[in-house]
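So that the names make sense, note that chain A is the first sequence line, chain B the second, and so on, each numbered from 1. Note that this is a predicted model, so its numbers are computed, not measured.
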Number of protein chains: 2
Amino acid sequence: MSADVNPGGATPRTTLADVARAAGVSPTSASFVLSGRGRQMRISPEAEDRVRQAASDLHYRPNSISVSLRKGITHTIGFVSDTVATTPHAGTLIKGALEAARERGSLLLIGETEGDPELERRLIQAMHDRRADAVILASMYTRKVSVPKALLGMPAVLLNALPRRQAGISSVIPDELAAGRDAAGVLLRAGFRDGIHLIGAGPGRNQRPPHSVAAVERLAGISEVMTAAGITWAGAYGCLEWEPADGYRAVEALLATGRPKALICFNDRLALGAYQALSHRGLQVPADVSVVSFDDDPIASWLKPQLTTLALPHYELGRRAIDVLFADGDRPRAPGEAALHRVPMPLRQRASVAG
Amino acid sequence: MSADVNPGGATPRTTLADVARAAGVSPTSASFVLSGRGRQMRISPEAEDRVRQAASDLHYRPNSISVSLRKGITHTIGFVSDTVATTPHAGTLIKGALEAARERGSLLLIGETEGDPELERRLIQAMHDRRADAVILASMYTRKVSVPKALLGMPAVLLNALPRRQAGISSVIPDELAAGRDAAGVLLRAGFRDGIHLIGAGPGRNQRPPHSVAAVERLAGISEVMTAAGITWAGAYGCLEWEPADGYRAVEALLATGRPKALICFNDRLALGAYQALSHRGLQVPADVSVVSFDDDPIASWLKPQLTTLALPHYELGRRAIDVLFADGDRPRAPGEAALHRVPMPLRQRASVAG
DNA sequence: CAAGGATGCTAAATCGTATTAGCTAGGCTG
DNA sequence: CAGCCTAGCTAATACGATTTAGCATCCTTG
């Protein structure tokens, strides 16, 4: 209707040239003043004041696009993951990265591959085209991935993932091995020497979810500590998936033949299933059976009794990825020496272990 | 060490000028060809071929930053939310938006405010500075928000949120009212006429979590249907929070004085607590008590028996936000007439209601 | 064969900023 | 008073594309 409706919607924004004009100086001078180098560039205090005043009067904000083009740095980090949504609270990975990035003045440009390698390639390409300063390639559960070549030419880091073949790229993963040791340690300290059953993984290749780094390392840690203590587990029930129903089935099968004293569940969803199976048989946690688990999924603290578990440090993992990228500079560093960063998994001691 | 180590890490990328030079034409011609307007601009087929060949040989990719500066469009949408992480699977909101955006060739630039209005302001400012084509202001649970003025000057939409004061901005929210009707309908169809208790909210102002739109609308929907059927609820137990412990307490209190036939829990976490309290008293779902709930949190299908619930359509909400922004164009439209979009909450009929 | 139109290009301006390389006027020195 | 330094600026260029305007040729056509 009215003639001043701008169909593009955006009021033409004020530019540096506008500010310079209003202050009666050249754009060059205005730029110097606003970048804080006025004194150094011998702009008189009077001129400085006029520029600052004009900038504030006109609500001047520099156009980041233009700055990026000129300086070659975008203060943007690409975050490419297989999936943010499927894994319930893995969004915390993003949150950690987001906050760490923001503290360094950067924002995250996110993309999701759904596990499709072609889409992954295109997304990394898109990040590159937009001149993201660096790229984080994240997986929502720890696994080995093949590193797209495009990542090797730019600052990049693997988050919650390991390179399938040795590549010049750093990784940030949870310290599953130590977590395995700690899980076993909790039971040992509580005095358990026998009747310990593993729910979720066993030594065999087909006794665990494929590609799961967690299964292998958690088991290794458990095994290491138990062996050192001179004891062995009474049984190990492997599952190809780690959902509540799998835990239920495993414990039901177990209860059909014997009476466990303690369970190490390979994640909290399995533990939920285990609780259900135990309760179905009228067994109490921890009076009859103790349970220790991994992940610290929200349900761990919703269960009754609350579950003792080794927490996946999602938030901290996200932060570390950014830290690794920025190393010790104010901008992401080139692909240097690759390193493997293991983030500790804290023990959440709650009420599911007797003692 | 070696002289060719580029400390910035990035190989200088090939530009349009490089391609033009290799093809023996001007950058102008190269641009015409690569933008598909070669024929229209009367570039000879031979020249076209040379340009395309050169572009492919040199692995040319246009610099998006430069294109954005020139065209004033960034193919980037800002996604500003209070928190992605705290609410367990609300990441699906992002996922929906992400996929819909990608289908339109855009990526999401994300930021999180942690509920801090100043940070929110700064983030929106940052999105604006980067010339995001539009901004989505998302809340992880449906509530009324005060709309930052900066949003009104650009294409924007509220996701899972309503403007506190009437503002010229569209909203996308779940249809909580209809969901309330459906929840009551499920019980009515199953033949319940009395003994229906509400867990989580009641008619009083202090009988529900503050600022929760869901509480008000779900209750209104329930009330509407029950009134129409000529029945009323046997009791309503309001809670200021909707965690499992609250549900447990409520149902425990309820069982101390009577025997409900059916529960409408205002979310799945309350329902989890209700299950625990029922089980503690030796009552079976649904044989003794039926339960219907809201949200379709992952736990809804982990519980035994699986919970009948009205799903929050997170994914669809995210998609709709993008759809609303793009309306019927290839780029976000100016802030036009504000509309309220209600996305249906599908019924997940499972095993917690006797039938 | 001159006028006019199509053909096949390219030069130059533009987007908004940062930065390098001057340029001018005044003061000081010798 | 010539020469040099300093203070206080600005012109010009670059970043990497897109787009408008225009410039030669060659081919028709009356």
Side-chain angles (χ1 to χ4, degrees), chain A residues 8 10-51 54-55 58-76 128-131 133 331, chain B residues 8 10-51 54-55 58-76 128-131 133 331:
Chain A
T11 321
R13 294 192 38 168
T14 102
T15 76
L16 184 62
D18 296 332
V19 172
R21 203 172 311 121
V25 299
S26 70
T28 308
S29 299
S31 176
F32 286 148
V33 170
L34 295 177
S35 65
R37 304 191 304 140
R39 231 50 284 281
Q40 181 190 342
M41 289 293 127
R42 299 184 306 219
I43 306 296
S44 66
E46 296 75 37
E48 285 221 354
D49 286 349
R50 272 179 291 135
V51 169
L58 300 174
H59 299 108
Y60 171 68
R61 304 238 77 217
N63 181 330
S64 315
I65 295 289
S66 174
V67 175
S68 294
L69 177 59
R70 179 64 231 245
K71 296 216 213 169
I73 194 174
T74 55
H75 292 289
T76 300
H128 202 205
D129 290 349
R130 285 154 188 257
R131 297 300 188 273
D133 298 332
R331 59 174 66 185
Chain B
T11 321
R13 294 192 37 168
T14 103
T15 76
L16 184 63
D18 296 332
V19 172
R21 203 172 311 121
V25 299
S26 70
T28 308
S29 299
S31 175
F32 286 149
V33 171
L34 296 177
S35 65
R37 304 191 303 141
R39 230 52 283 282
Q40 181 190 342
M41 289 294 126
R42 299 184 309 219
I43 306 296
S44 66
E46 297 73 38
E48 284 220 355
D49 286 349
R50 273 178 290 135
V51 169
L58 299 175
H59 298 108
Y60 171 69
R61 304 237 78 217
N63 181 330
S64 315
I65 296 290
S66 175
V67 174
S68 294
L69 177 59
R70 180 64 230 248
K71 295 212 205 169
I73 194 173
T74 56
H75 292 289
T76 300
H128 202 206
D129 291 349
R130 285 155 189 256
R131 296 301 187 274
D133 298 332
R331 58 174 68 185

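- Residue A:T14 comes nearest to A:Y60 through the heavy atom pair O-CD1, 3.4 Å, listed as atom of the first residue, atom of the second, then distance.
- For the contact set between residues 28-46 of chain A and DNA chain D, defined by any heavy atom under 4.0 Å, the members are A:T28, A:S29, A:F32, A:R39, A:M41, A:R42, A:I43, A:S44.
- Here CZ of B:R61 is found 14.5 Å from OG1 of B:T15. Values are rounded to the nearest 0.5 Å.
- Annotation: salt bridge (charged side-chain N to carboxylate O under 4.0 Å, His left out) contacts involving residues 20-33 of chain B, sequence neighbours excluded, comprise B:D18-B:R21.
- By the side chain to side chain donor-acceptor pair (under 3.5 Å) test, A:R42 is found to be paired with no residue, residues two or more places apart in sequence or in another chain being considered.
- Between A:L69 and B:S66, the closest heavy-atom pair is CD1-CB, 4.0 Å.
- Of all heavy-atom pairs between B:A55 and B:V19, the closest is N-CG1, 3.8 Å.
- A:D49 pairs by the salt bridge (Lys or Arg N to Asp or Glu O under 4.0 Å) definition with nothing, not counting sequence neighbours.
- For the helix from C:dC1-D:dG30 to C:dG30-D:dC1, the terminal axes (five pairs an end, C1' atoms, rotation from four pairs onto the next four) enclose an angle of 70°, given to 10 degrees.
- Residues passing the side-chain contact (heavy atoms from CB on, under 4.5 Å) test with A:A23, sequence neighbours excluded: A:V25, A:R50, A:V51, A:A54.
- Within residues 63-71 of chain A, the residues that have a heavy atom under 4.0 Å from DNA chain D are, in order of number, A:L69, A:R70.
- Distance CD/A:E48 to CZ/A:F32: 11.5 Å, rounded to 0.5 Å.
- Contacts between residues 14-23 of chain B and DNA chain D, counted as heavy-atom distances below 4.0 Å, involve B:T15, B:L16.
- Extent of DNA chain C lying under 4.0 Å from chain A heavy atoms, first and last nucleotide in 5' to 3' order, is C:dG16 to C:dT20.
- Here B:S68 pairs with A:I65, B:T74 under the side-chain contact (heavy atoms from CB on, under 4.5 Å) rule; sequence neighbours left out.
- From A:I73, atom CD1 reaches atom CZ of A:R131 across 13.0 Å, with rounding to the nearest 0.5 Å.
- Considering only residues two or more places apart in sequence or on other chains, A:R130 meets the side-chain contact (heavy atoms from CB on, under 4.5 Å) condition with A:L109, B:S64, B:H75, B:T76, B:L107.
- Annotation: side chain to side chain donor-acceptor pair (under 3.5 Å) contacts involving residues 28-37 of chain A, sequence neighbours excluded, comprise A:S26-A:S29.
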